[in-house]
*Asks:* 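Have a look at the structure that comes next, please.
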Amino acid sequence: MSENKALGGKIFTKPFIILAILAGIAGILLIKRFIFGLGAVTNLSDGYPWGMWIVYDVLVGTALGCGGYVLAILVYIFNKGKYHPLVRPAVLTSVFGYTLAGFSIFVDVGRYWQLYNIFLPWHVNLNSIMFEVAFCVATYVLVLWIEISPAFLEKFNKTKALGFMNKILFIFIAIGVLLPTMHQSTLGTLMVIAGNKLSGLWQTGWLPLLFLISSIMMGYAIVVFESLYSSIGFKRPFETPILGKLGKLMAWLGLIFIAVRFGDLIWRGQLGLIFTDGWANSTMFIIENLLFIVPMVMLFSEKNRKSTKSLFLIAVAILLAGAVYRFDAFLVGFDPGQGWHYWPSASELLITIGIVAIEIMAYLAFIKWLPILPNIKHTTS
Amino acid sequence: MSIDRRDFFKVISAGAITAATASSVFAREKKNLAPDAVGILYDATLCIGCKLCEVGCKEYNDMPTEQTSLVDDLNVPMIWDNGDDLTSKTMNKIKLYRNGDASVKDRATNGYAFIKRACMHCVDPDCVSACPVTALDKDPITGVVTYDAKACIGCRYCQVACPFNVPKFEWDDPFPKIVKCQMCDHVQESGGMPGCCYYCPTGASLYGRVEDLMAEAHKRIELAEGSKYDYQVKSLDNDETAQRTVQKYVNYVYGEKETGGTQYMILSAVPFHDLGLPNLPDKSAAGKSETLQHTIYKGLIAPGALLAGLLVAAYRGSKSHHESEEGRS
């Protein structure tokens, strides 16, 4: 009768061990970071104080963790019960995406032992965009663990607790939709204060809306990606019909994104920058927008929405689009002047890879151990 | 896909409230200079590049020297005169502008000039707006932008925000701080003046009330080129003067309008952009950022309404889901 079932099987497989080695390398580098300071492992500088960790682990990482958020909107808010089997795996990805983004912030900030100041009313600055982001993300990590808690309760047969949890869960579902709506948009607002340091191709008062829409698109894309990937990886039936329906929604969101993006550029009279803002900015702008436009156009065709292969490629393109947009708005288009430049160091990359490895390991372990993935009988019926 | 019309309406109405609140634009008021705000007027035409201000800065603030090859290889201690920009060890820096044969001082072509860089102590500082934990703060009386390491979490958003790239971070310290000029706040408390102004032999760095300094700056711009003028030294309250020949000033006080005005103001004979000072709008980016944020979150009405709508929808959604599940089993 349960919708979700533990996959079972061995946890310490060969891929798992390779991932563990990658995580181990990152662990050693992290020790170096905490003993010698951020300069010892990163290429960050006073001109580029934010790099790979903030942009990939936090911005892209949390957007990839939007799967739980967007499915909650569909299932509980729009009452689309048929998507319900996909909720738990998506929430689990969100749990790890956000928890490890939180961990990355802990590694990235200089004075981590004082991070709790964010929660002390006499320190809080309500004008600070960073405060909203930090507070919201931290709270959402907690909410996500609560949202996934029924999986633990089912596993350990805590029927009474489970019944209680199911009664009050709607509160956390509602908060769990509110918080990402707030912080995924506010993550974009972060760059407004950078003013002229951010190229006119990206600097706009519409940053919050563009970040919000693209995060929702990435949320749907990750649901599609994961579902198809685990179907192949664990030889499970494809959920293509449901995913195709999600596709149409993504197409419309993509259209809105592109309309706002170009409408804003035209309104501000900055369209010419596409060809005059230096080769790096121009190239990246074009790549970024092609990655939004091509999948959107493809998704408007029913043929593509019914093809598992097309859906997979489209999902990957949308994930890349959102990721490239975030890299552009925070690093590529950001120029503090005075000849500063930034390229991540090997250690920075290895730490990011290690963190991603931990995410995948945790996901693999959890789906084998806890009732997360859709029960096949249920989905095929 | 077909979304139930009633449910759709529920969410859309919450969204409409958000949009309605957002459209009643709440522009954050421009920040004004505190009446007794203090500042520094740097007159580049008076600067002889002796860097005594850097010595004064290090001494007053107990700052370390820069570690360079001179210190490492030759074991020369106390080298203060090196490095070419602000760092986490240097909060005040004299830089050189040079063009062509650099034969004449204070001339843009084939000339040279000095420029002193330090925190601008903005009237409407982006760093203060950016800081999530009020580690950076603006003194309500003096207007000095101060830093409190006990509050700082080291997120470095201030560095992203500052249009002058002033805040520096101790990258090689496991327990790093942000470092920036605080106008020798601790010395001013006991009636003193900033180290750079106290040490400056020519009056190039002059301490005083911002309003008085601004009046002095405009007076200097009006002086006839080539005439003699008794320039005050150290501070406007000081009787000590030094007579110098007036140079041809650029007809503009840098800092009067930049990013909403700054309490560190600059006069120069060489265009400011050549000296590496950024062209900035009259309004701070903080004003835009706060207007945007407070428009969306005004009184928490929009998020509150959204949450209320979401609670109702989620309650109904989860109830109907469980009912249908129970019905099936």
Side-chain angles (χ1 to χ4, degrees), chain A residues 1 3 34-40 44-47 49-50 75-81 84 109-112 114-115 117-118 123-125 127-132 134 166 169-171 173-175 177-178 181-182 185-186 189-190 192-197 205 208 245 248-249 336-338, chain B residues 1 3-4 7-8 11 85 87 126 129-134 149-157 159-161 163 165 167-177 276 278 280-281 285-286 288-290 292-293 296-297 303 306-307 310-311 313-318 320-322 324-325 329:
Chain A
M1 65 130 269
E3 267 191 341
F34 282 106
I35 293 177
F36 298 105
L38 283 160
L44 296 173
S45 62
D46 289 322
W50 292 347
V75 173
Y76 296 104
I77 311 303
F78 288 121
N79 220 350
K80 298 273 121 186
H84 198 265
V109 297
R111 302 172 69 79
Y112 49 88
Q114 291 187 163
L115 258 180
N117 283 352
I118 282 279
H123 278 309
V124 160
N125 171 18
N127 288 328
S128 170
I129 312 299
M130 180 62 84
F131 164 71
E132 204 275 343
N166 280 334
L169 202 59
F170 79 95
I171 297 170
I173 289 165
I175 298 173
V177 172
L178 176 72
T181 311
M182 286 167 70
S185 56
T186 312
T189 319
L190 275 179
V192 170
I193 210 166
N196 291 346
K197 287 159 126 184
K245 286 202 171 122
K248 196 157 185 191
L249 214 74
Q338 298 178 314
Chain B
M1 65 189 301
I3 279 165
D4 182 284
D7 292 321
F8 187 71
V11 176
D85 214 331
T87 68
D126 291 343
S129 168
C131 182
V133 287
T134 329
K150 284 202 272 312
C152 178
I153 58 171
C155 71
R156 311 185 293 280
Y157 191 28
Q159 295 191 293
V160 172
N165 296 322
K168 301 296 171 190
F169 183 76
E170 295 175 321
W171 295 99
D172 297 317
D173 192 323
F175 307 106
K177 295 184 298 294
L280 294 170
K288 274 188 197 168
S289 160
E290 288 180 26
L292 189 60
Q293 189 76 345
I296 301 172
Y297 290 97
L306 184 60
L307 180 61
L310 289 171
L311 277 169
Y315 179 70
R316 288 190 184 159
S318 60
S320 71
H321 175 75
H322 284 294
S324 67
E325 200 172 50
S329 56

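Letters go in sequence order (proteins before strands), and every chain restarts at 1.
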*Asks:* At a heavy-atom separation under 4.5 Å, does B:D173 approach chain A through its side chain, its backbone, both, or neither?
*Replies:*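 Only the backbone of B:D173 comes within 4.5 Å of chain A.
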*Asks:* Output all residues satisfying ring pair (Phe, Tyr, Trp, His ring centres under 6.0 Å) with B:F175, sequence neighbours left out; order by chain, then residue number.
*Replies:*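 Once residues adjacent in sequence are excluded, the partners of B:F175 under the ring pair (Phe, Tyr, Trp, His ring centres under 6.0 Å) criterion are A:W113.
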*Asks:* Heavy atoms only, distances under 4.5 angstrom: which of A:G47, A:A174, A:G37, A:A134 has the most pairs with chain B? Name it, please.
*Replies:* A:A174
*Asks:* With B:E290 as reference, evaluate A:I129, A:N127, A:I193 under the side-chain contact (heavy atoms from CB on, under 4.5 Å) test and give the passing residue.
*Replies:*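 Among A:I129, A:N127, A:I193, the one that satisfies the side-chain contact (heavy atoms from CB on, under 4.5 Å) with B:E290 is A:N127.
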*Asks:* Does the side-chain contact (heavy atoms from CB on, under 4.5 Å) test come out yes or no for B:F169 and A:L44, once each step is laid out?
*Replies:* CA-CA 10 Å; B:F169 183 76; A:L44 296 173; over 6 Å; no
*Asks:* Distance alone, cut at 3.5 Å: any donor-acceptor contact between the side chains of A:D46 and B:Q159?
*Replies:*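 There is such a pair (donor and acceptor under 3.5 Å, judged by atom type) between the side chains of A:D46 and B:Q159.
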*Asks:* Report which part of A:S45 has an atom under 4.5 Å of a heavy atom belonging to chain B: side chain, backbone, both, or neither.
*Replies:*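 Backbone of A:S45 only, per the 4.5 Å heavy-atom cut-off to chain B.
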*Asks:* For each of A:G195, A:P49, A:P336, tally heavy-atom pairs with chain B at distances under 4.5 Å, and name the one with the top tally.
*Replies:*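 Most heavy-atom pairs within the cutoff with chain B belong to A:P49.
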*Asks:* Against chain B, label A:I35 side chain, backbone, both or neither, depending on which of its atoms sit under 4.5 Å from a heavy atom there.
*Replies:* backbone
*Asks:* Specify which of A:V177, A:V192, A:L178 makes the most heavy-atom pairs with chain B at under 4.5 Å.
*Replies:*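 Max contact count across the listed options: A:L178.
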*Asks:* With a 4.5 angstrom heavy-atom cut-off, could you sort out which part of A:L190 is near chain B: side chain, backbone, both or neither?
*Replies:*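 The answer is both parts of A:L190.
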*Asks:* Nearest heavy-atom pair of B:A130 and A:S128: which atoms, and what distance?
*Replies:* O-OG, 2.5 Å
*Asks:* Tell me, side chain or backbone of A:N196 under 4.5 Å from chain B's heavy atoms, or both, or neither?
*Replies:* side chain
*Asks:* Heavy-atom pairs under 4.5 Å with chain B are the metric here; pick the option from A:T189, A:N125, A:T186 that has the most.
*Replies:* A:N125
*Asks:* Are the side chain of B:D172 and the backbone N or O of A:F36 linked by a donor-acceptor pair below 3.5 Å?
*Replies:*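 Not confirmed, B:D172 side chain does not pair with A:F36 backbone.
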*Asks:* Quick check for you: among B:G154, B:P167, B:P163, which has the greatest number of heavy-atom pairs under 4.5 Å with chain A?
*Replies:* B:G154
*Asks:* Quick one: pull up SG in B:C155 and CD in A:Q114 and give me the separation to the nearest 0.5 Å.
*Replies:*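 Going from SG on B:C155 over to CD on A:Q114, the span is 12.0 Å.
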*Asks:* Once you round to the nearest 0.5 Å, how far does OH of B:Y315 lie from CD1 of A:I173?
*Replies:* 13.0 Å
*Asks:* Between A:Y112 and chain B, which part of the residue has a heavy atom less than 4.5 Å away: side chain, backbone, both or neither?
*Replies:* both
*Asks:* Kindly check if the number of other-residue, nucleotide or ligand heavy atoms within 6.0 Å of NZ (B:K288) is above 12?
*Replies:* no
*Asks:* Roughly how far apart are B:L311 CG and A:I175 CD1, rounded to 0.5 Å?
*Replies:* 7.0 Å
*Asks:* Strictly distance-based, threshold 3.5 Å: is any side-chain N or O of B:R156 a donor or acceptor partner for the main-chain N or O of A:V109?
*Replies:*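 No; zero donor-acceptor contacts below 3.5 Å.
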*Asks:* By salt bridge (charged side-chain N to carboxylate O under 4.0 Å, His left out), which residues pair with A:K197, not counting sequence neighbours?
*Replies:* none
*Asks:* Okay, side chain of A:Q338, backbone of B:G276: is any donor-acceptor separation there less than 3.5 Å?
*Replies:* no
*Asks:* Between B:P278, B:A151, B:A285, which has the largest tally of heavy atom pairs under 4.5 Å with chain A?
*Replies:* B:A151
*Asks:* Looking only at heavy atoms and a cut-off of under 4.5 Å, which of B:T87, B:L280, B:L307 has the most pairs with chain A?
*Replies:*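 The option with the most such pairs is B:L307.
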*Asks:* Applying side-chain contact (heavy atoms from CB on, under 4.5 Å) to B:I153 and A:M130, what does each step give before you reach the verdict?
*Replies:* CA-CA 11 Å; B:I153 58 171; A:M130 180 62 84; 5.5 Å; no
